[in-house]
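In what follows, a structure is listed as structure tokens, so that the remarks can point back to it.
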Amino acid sequence: KKQHGHVDHTPSLVHKIEDAVAVVKAPAKPYVLVGSGTASFAAAQAIKEQEPNANVVIIGNESVPPYMRPPLSKELWFSDDASASETLRFKDWQGNERSAVYQDISEYEIVTDLANINKESTKIKLLLQKTVTKLDVEAHTVELNDGQTIEYNKVLLATGGSPKQLPNQSGVKNVTTFRTVEDLRKLDAIAKKDAHIVVVGGGFLGSELAIALAHRAKKEGLKVTQVFPEDGNMANVFPTYLTKWTTGRVKDEGVEIKSKHSIKSIDGAEGDKVKLTFDNNESLEADHVVVTVGIEPRVEVARAAGLEIDEQRAGVVVNAELESRRDVFAAGDMISFHDIQLGRRRIEHHDHAVLSGRHAGENMVGKNKPYKHQSMFWSDLGPKIGYEAVGLVDSQLSTVSVWAKASDADTPAAAVSQPENLRGVDVQDIKSSEEQPAPSSNKQPGNASEGTVFKDEQFGKGLVFYMKNKKVVGVLLFNVFGKVQEARDVISNQTSVEQIEQIVSK
Ligand code: FAD
Ligand code: NAD
Ligand code: NAD
């Protein structure tokens, strides 16, 4: 450094400078992104935006280039095009043509020979159908299932999660889980004429798939049954009355619901059928069973590398910069991170995968910024019912909610909502998820004679505020769209129950 007019010519420093120059000239070791899902793709894009010539390699064990999963249980089943599961092209609810695949395979540099891994390219490099089996944080290497190793500059772990299985499902024919394009294609081929398909699980995936299959049933004469241990659809997220209402809508779509049914055993039966036996000894035969009972974050590689695992949330622990150790970042479904508003969390949703992936990518090229985004998620139960949410939405929390009559404008297909329609509606302070709103408190304009709690109109659209220590920690926007930022503000302002009641009772 010359800033004080002093130049040090000692030989050791000259050597150091020569070494430094040599390092700069050597081909750059790559940013290695493990997993070819949403979080990795978002990270790759963020790195390329900051450094267009950066050497970025995505390694994934699927055969399809990075794609988004949400349409796999929604729009792709509502397409008029019979080859939608092959093309992965769909129309969103507004009718816009889209693809689940983020970018065409031709836009990547496909790596066939690892000898070229450090070659400069403006494209994102992609190595498909390879599994990373080992991470060595000290040697800065990852090992592939074929025994080859890659030296990295920085690494991102974005391995997502594996679907959980029923205890005794393996080996039973015609039972599958659902996570990938390959799973979609399998189920698409099965969901044909007169097949009886059973969906096990009442959460996000099971509820969306049951609706999607029921839509298909209108053309193909399928029979669709959904089985789960809870009282109704989405019971781990929705307050009880909304679970009941939603379950009614799922039934209206033609799904046979078996709630409060726990599976005792699953076996093969005559004629390639599957037999489910329940705790109450009732049983059921089907042509195919789709198991959607949650995921297990894939943390084996991280665990074996000695990275810290949050056993309670089953994720890799990262700091505010989404780093697990120096030069090892992680993002998406697999991370246990500190949400500065809501505490330590692990989130299994698309927007979080995008935001945390982008954020990790930026930090890999040196931004060193804390992850402060409050991600959102959405789900659609067909084109007519949809919801978005921010923060902690868990039916174990107490809730305060506001409901109004919905119009045709209040559907996932409608881009904008009219919040003024929410005026004059009732407030329900539900202290526990078991309590239901009192029918007598219905104050909807023009709706006075319709006191039935579960009338369609009553839950047409609404807001549910989830409370912890008397503060709002989560907001569910049910058939209310375009209000996510306001919901974030309600949480970040630490809005109290009293404030919410005041706002909605005016
Ligand atoms: P993933 O998308 O799971 O990607 C991880 C990738 O890494 C996978 O391709 C995996 O095969 C690969 N991999 C794992 N281990 C290795 C390894 N060792 N070596 C190489 N590759 C590896 N969220 C929403 O918010 N809204 C929705 O409507 C919605 N719909 C969904 C519908 C479906 C059918 C599914 C399955 C999920 C849905 N989700 C939705 C959840 C959302 O898709 C996930 O939160 C998101 O995909 C997480 O991204 P990720 O990159 O962390 O993991
Ligand atoms: P889990 O989902 O693996 O299930 C718990 C137990 O119930 C398991 O032994 C499972 O085999 C059994 N079970 C559930 N449904 C069954 C059925 N239909 N047939 C036979 N057995 C059945 O584990 P978990 O810890 O309860 O929940 C997983 C995740 O969901 C966790 O992250 C948890 O925090 C979250 N969650 C669960 C519930 C719930 O009621 N299960 C509620 C809120 C949050
Ligand atoms: P989930 O955690 O939402 O629901 C799991 C369901 O399975 C619950 O109803 C649970 O009680 C039930 N269950 C648990 N153990 C069971 C058992 N042994 N037998 C029967 N039922 C059992 O998970 P999911 O619905 O499987 O979804 C998979 C993943 O995909 C999750 O990460 C989810 O967040 C994500 N996903 C998200 C969306 C969305 O955000 N719109 C849509 C689809 C999938």
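Position 1 is the first residue of the sequence, and the numbers go up from there. Ligands are counted one by one from 1 in listed order, and the atoms in each one are counted from 1 as well.
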Handout entry: Residues that F78 engages under ring pair (Phe, Tyr, Trp, His ring centres under 6.0 Å), provided they are two or more places apart
Key = W93, H215
Handout entry: Protein contact of atom 39 (N) of ligand 1 - nearest heavy atom, named by residue and atom, plus distance
Key = P70 CG, 4.6 Å
Completion exercise
Heavy-atom proximity to atom 5 (C) of ligand 1 ranks first, among A158, G35, A212, for A158
Completion exercise
Out of H352, E348, H350, E388, the nearest non-hydrogen contact to atom 25 (O) of ligand 1 is supplied by H350
Handout entry: Part of F204 with heavy atoms under 4.0 Å of ligand 1, whether side chain, backbone, both or neither
Key = neither
Problem - Atom indices of ligand 3 within 4.0 angstrom of H349 heavy atoms, with elements - result: 34 (O), 39 (C), 40 (O)
Practice task
Tell me, please: is S379 in heavy-atom contact with ligand 1, that is, under 4.0 Å?
Solution key: no
Completion exercise
Quick note on ligand 3: atoms under 4.0 Å from a heavy atom of S379 include exactly 41 (N)
Completion exercise
Candidates Y387, F228, W378; heavy atom nearest atom 39 (C) of ligand 3 found on W378
Handout entry: Contact check, K130 vs ligand 1, heavy-atom distance below 4.0 Å
Key = yes
Exercise for the section: Taking the six-membered ring for Trp and the full ring for Phe, Tyr or His, determine whether the centres of H352 and F337 are under 6.0 Å apart. Expected result: yes
Problem - R298, portion touching ligand 1 at heavy-atom distance under 4.0 Å - result: side chain
Exercise for the section: Report the C-alpha distance between L477 and M376 in whole Å, list the side-chain angles of each, state the deciding distance to 0.1 Å, and finish with yes or no for side chain to side chain contact (heavy atoms under 4.5 Å, CB included). Expected result: CA-CA 11 Å; L477 304 131; M376 58 82 74; over 6 Å; no
Exercise for the section: Around atom 28 (O) of ligand 1, find the nearest protein heavy atom and jot down its residue, atom name and distance. Expected result: K74 NZ, 2.5 Å
Exercise for the section: Using a 4.0 Å heavy-atom threshold (strictly under), name the region of L205 that reaches ligand 1: side chain, backbone, both or neither. Expected result: side chain
Problem - Minimum non-hydrogen distance to atom 26 (N) of ligand 1, winning option of F178, W378, F377 - result: W378
Practice task
Give the contacting part of K164 toward ligand 3: side chain, backbone, both or neither, where contact means a heavy-atom distance below 4.0 Å.
Solution key: neither
Exercise for the section: Give yes or no for whether the N/O distance cutoff of 3.5 Å, strictly under, is met between P167 and ligand 3. Expected result: no
